[in-house]
Amino acid sequence: MMLPTHALFGMVLALPVAALAPEHATAALVAGLAGGVLPDLDLYAGHRRTLHYPVGYSVLAGVAAVVAVGAPSAPTISAALLFAAAASHSLLDTLGGGLELRPWKATDDRAVYDHVRGRWIAPRRWVRYDGAPEDLLLAVGLAIPLRLHVAPPFERVVVASLVVAVAYAATRRVLPRVARVLATELLPGRVPPSLLARVPERYVEDADSDDPRPEL
Ligand SMILES: [Zn+2]
């Protein structure tokens, strides 16, 4: 699933806490948002492996939740929400597509790495790929309760997430072509080679599999 969906899902997890303990609503929402975003910071360094821990975050979330219930405070509630949102993100990614550049082609059998079993979990493709129409629908569905219940600063985060989600979903199918043109034609000679070397190889070596027209 795309990052805005994960961000919104993390914040939705914080809604019950915000309702039950309004004094900790801000801490819970910030932690839920951060935990929803956190795993995808590995986008360019072992994506869905380096910071995606479906089992590890779940265990930590369980322990942190027990602590938070026993001794509710901003730090304990934040820790529980952070791990719960990061666990949800890692688990939700197994319901999406694989790691391929064009996940709608369903050619890759890696969704999320399971560090406990030492192997990749296969993508279920309930949401066919990040930015798919069903992904956008999910983001909109998550935004509705948030829009109704969160304070103005978080309202802006919700609206911004939706704007990004719509833009991403609208352009998702042409992004591989844009990335390849950038990596192979526009950036070489204009940016330091050391920076260009950091572009993932799949963008550079993908010319043969590029479609003449984006599929709709
Ligand atoms: Zn992810």
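Just so it is clear, the structure is predicted and the values come from calculations on it, not from any experiment. We count residues from 1, following the sequence as given.
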Checklist entry - Should the pair H52 and H47 be assigned to parallel (<30°), tilted (30 to 60°) or perpendicular (>60°) ring geometry? => result perpendicular
Next on the checklist: Against the six-membered ring of W104, is R128 placed for a cation-pi contact (under 6.0 Å from the centre, within 45° of the normal)?
Outcome noted: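 No - R128 does not lie over the ring of W104 by the 6.0 Å and 45° rule.
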Next on the checklist: Return the OH to CE distance between Y129 and M1, rounded to the nearest 0.5 Å.
Outcome noted: 13.0 Å
Just by modelled atom types, is the [Y] backbone N or O under 3.5 Å from a matching donor or acceptor in the [X] side chain?
X	Y	result
R49	Y113	no
T76	A71	yes
T50	A45	yes
D40	L43	no

Item to check | Student check: side-chain heavy atoms of V150 and E155 closer than 4.5 Å | outcome: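 SC-SC contact between V150 and E155 confirmed.
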Checklist entry - Mind checking whether P72 and I77 have side chains closer than 4.5 Å, heavy atoms only? => result yes
Next on the checklist: Using a 4.5 Å cut-off between side-chain heavy atoms of Ile, Leu, Val, Met, Phe, Trp and Tyr, which other residues end up in the same hydrophobic cluster as V159?
Outcome noted: V163
Item to check | Test log, rule salt bridge (charged side-chain N to carboxylate O under 4.0 Å, His left out), inputs R125 and E100 | outcome: CA-CA 13 Å; R125 297 196 169 90; E100 62 273 64; 3.4 Å; yes
Next on the checklist: salt bridge (charged side-chain N to carboxylate O under 4.0 Å, His left out) for D130 and R172? Distances and angles first, verdict last.
Outcome noted: CA-CA 8 Å; D130 56 304; R172 178 63 180 95; 3.2 Å; yes
Item to check | Evaluation steps, side chain to side chain contact (heavy atoms under 4.5 Å, CB included), between L38 and H89 | outcome: CA-CA 9 Å; L38 171 73; H89 178 139; over 6 Å; no
Checklist entry - Nearest heavy-atom pair of A143 and L162: which atoms, and what distance? => result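 A143 and L162 have their closest heavy atoms at CB-CD1, 3.6 Å.
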